[in-house]
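Inspection log for the structure reproduced underneath, given as structure tokens.
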Amino acid sequence: MESRTPLRLAVVQPACVPLDVAANARAHAAAVRAARARVVVFPELSLTGYELDAPVVSVDDPRLTPLVDACAEAGALALVGAPVTGENIAMLAVTGGGASVAYRKMWLGDAEARRFRPGDAPVVLDVDGWRVGLAICRDTGVAAHADRTAALGIDVYAAGVLESARDAAVIDQRAHRITATHRVWVAVASFAGSTGGGYTEAAGRSGVWTPDGEVYARAGTEPGESLNVSLTSPDRGGGRG
């Protein structure tokens, strides 16, 4: 643990063009290049906007090529949101080698459940020795999700979410509960601006919380904002980008 390399992580709240995967993938690519981070986290359904009737995005979709290229140049892992085959709301893991379905949302909202199916298992990715647990929006509000994910051994709980501006406090409440219970870093990428699906004003305020539960870094409420931080082991603190 003492010799573990700090993890450069960014959370991004991109401007979104509803249903335009190509435009959104280009915006994601630009964000990855600007972030200069090892892991870049994007909000729920970031490639389509919160459009519950959006067509599925395949992992070999050529519209993702700009994002794959950006990840190759930056040496980054981008965690992006999209509907996928199997009728799941998913988090794709995009690297210079391509895209794969990393995680399928386990706890769905009522409207989501009319189309989508829940995923059946938590997921943890190993990134340079860091254990990164994955979550999508409502998952973060279900204690059992963090419990099951943490039981796999995690250093970071990384979530892509969407909340309305009036519910912005929910992001903090959930992050504090997770840090208090599991003593891990929490990184949340939260949509800002208009994202489709009736969300004309999303909360933004993406953030990173320390294992001690303090707000470590916070974005504002505008689309296009991002945070870049360096996570280190709890006994050594960390540093902002």
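One-based numbering along the sequence shown. Worth knowing before you read on, the calculation uses all heavy atoms, side chains too, and leaves out hydrogens, waters and symmetry mates.
Atom CG of Asn88 is separated from atom CZ of Arg115 by 10.0 Å, given to the nearest 0.5 angstrom. To the nearest 0.5 Å, atoms CZ (Arg138) and CG (Asp110) are separated by 5.5 Å.
Judged as a ring-ring contact (aromatic ring centres under 6.0 Å, His included), the pairs with a partner in residues 46-103 (not counting sequence neighbours) are, in order, Tyr50-Tyr199, Tyr103-His145.
For the residue pair Asp126 and Gly129, the shortest heavy atom distance occurs at OD1-N, 3.2 Å. Taking all atoms of both residues into account, the shortest heavy-atom contact from Pro122 to Arg148 is CD-NH2, 3.5 Å. Taking all atoms of both residues into account, the shortest heavy-atom contact from Gly109 to Glu112 is N-OE1, 2.7 Å. The nearest pair of heavy atoms linking Pro223 to Gly193 is CG-CA, 3.7 Å. Contact detail for Thr140 and Ala135: the closest heavy-atom pair is CG2-CB, 4.1 Å. Closest non-hydrogen pair, Leu67 versus Ala25, comes out as CB-O, 4.1 Å.
Using a 4.5 Å heavy-atom threshold, the side chains of Val127 and Arg38 count as touching. Proximity of His28 to Ser46: side-chain heavy atoms (C-beta onward) are separated by under 4.5 Å at one or more points. Contact of the Leu19 side chain with the Asn24 side chain is not registered, since no non-hydrogen atoms from C-beta on lie closer than 4.5 Å. You'll find the side chain of Ile154 reaches within 4.5 Å of the side chain of Thr149, heavy atoms only. Between Arg205 and Glu163, the closest side-chain pair of non-hydrogen atoms is not below 4.5 Å. Under the 4.5 Å side-chain criterion, counting only non-hydrogen atoms from C-beta, Glu51 is not in contact with Leu45. Leu134 places none of its side-chain heavy atoms less than 4.5 Å from the side chain of Val124. Proximity of Val39 to Leu125: side-chain heavy atoms (C-beta onward) are nowhere separated by under 4.5 Å.
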* Stepwise side chain to side chain contact (heavy atoms under 4.5 Å, CB included) check, Val21 with Val57 -> CA-CA 8 Å; Val21 173; Val57 178; 4.0 Å; yes
* Asked: Please walk me through it: do Val94 and Cys71 pass side chain to side chain contact (heavy atoms under 4.5 Å, CB included)?
  -> CA-CA 7 Å; Val94 183; Cys71 289; 4.1 Å; yes
* Arg218/Asp172 under salt bridge (charged side-chain N to carboxylate O under 4.0 Å, His left out): CA gap, chis, key distance, verdict -> CA-CA 11 Å; Arg218 168 88 75 191; Asp172 280 273; 2.6 Å; yes
* Step by step, work out the side chain to side chain contact (heavy atoms under 4.5 Å, CB included) result for Val208 and Leu231. => CA-CA 10 Å; Val208 177; Leu231 308 186; 4.2 Å; yes
* To do: Tell me, with the steps shown, if Leu64 and Leu47 meet side chain to side chain contact (heavy atoms under 4.5 Å, CB included).
  => CA-CA 9 Å; Leu64 300 182; Leu47 286 173; 3.8 Å; yes
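Side-chain N or O atoms of Thr95 include one that pairs as donor or acceptor with a backbone N or O of Gly97 at under 3.5 Å. A donor-acceptor distance shorter than 3.5 angstrom exists from the side chain of Thr179 to the backbone of His176, with no hydrogens or angles considered. Using modelled atom types, no side-chain atom of Arg63 and backbone atom of Ala23 make a donor-acceptor pair closer than 3.5 Å. Between the Trp107 side chain and the Cys137 main chain, no donor and acceptor come within less than 3.5 Å of each other.
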Could you list the donor-acceptor pairs under 3.5 angstrom formed between side-chain atoms of residues 74-86 and any protein atom two or more places apart in sequence or on another chain?
none

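Hydrophobic clustering places Val186 together with Ile171 (ILVMFWY residues linked when any side-chain heavy atoms are closer than 4.5 Å, directly or through intermediates). Leu108 is connected to Phe191 through a chain of hydrophobic side-chain contacts under 4.5 Å among Ile, Leu, Val, Met, Phe, Trp and Tyr, so both are in one cluster. Linking Ile, Leu, Val, Met, Phe, Trp and Tyr residues whenever their side-chain heavy atoms come within less than 4.5 Å leaves Val161 and Leu92 in two separate clusters. A continuous path of Ile, Leu, Val, Met, Phe, Trp and Tyr side chains, each step under 4.5 Å between heavy atoms, connects Val41 with Ile136, placing both in one hydrophobic cluster. By the rule that hydrophobic residues join a cluster once side-chain heavy atoms approach within less than 4.5 Å of another member, Val68 and Val101 end up as members of one cluster.
The residues Asp120 and Arg104 are annotated as not salt-bridged, no charged nitrogen and carboxylate oxygen being separated by less than 4.0 angstrom. Looking at Glu44 and Lys105, a side-chain N of the basic residue comes within less than 4.0 Å of a carboxylate O on the acidic one, giving a salt bridge.
Inspection of the Ser58 and Asp60 side chains reveals an N or O donor paired with an N or O acceptor under 3.5 Å. Judged by distance alone, the side chains of Arg8 and Asn228 do bring a donor and an acceptor atom under 3.5 Å apart. Remark: the Gln13 side chain and the Ser190 side chain contain no N/O donor-acceptor pair separated by less than 3.5 Å.
Counting heavy-atom neighbours within 6.0 Å of Arg36 CZ, excluding the residue itself, gives a total of 12 or less. In this structure, Glu87 places its CD atom where more than 12 heavy-atom neighbours from other residues, nucleotides or ligands lie under 6.0 Å away.
Of the residues listed (Tyr216, Trp209, Tyr157), the one engaging Trp185 in a ring pair (Phe, Tyr, Trp, His ring centres under 6.0 Å) is Tyr216, and it is the only one.
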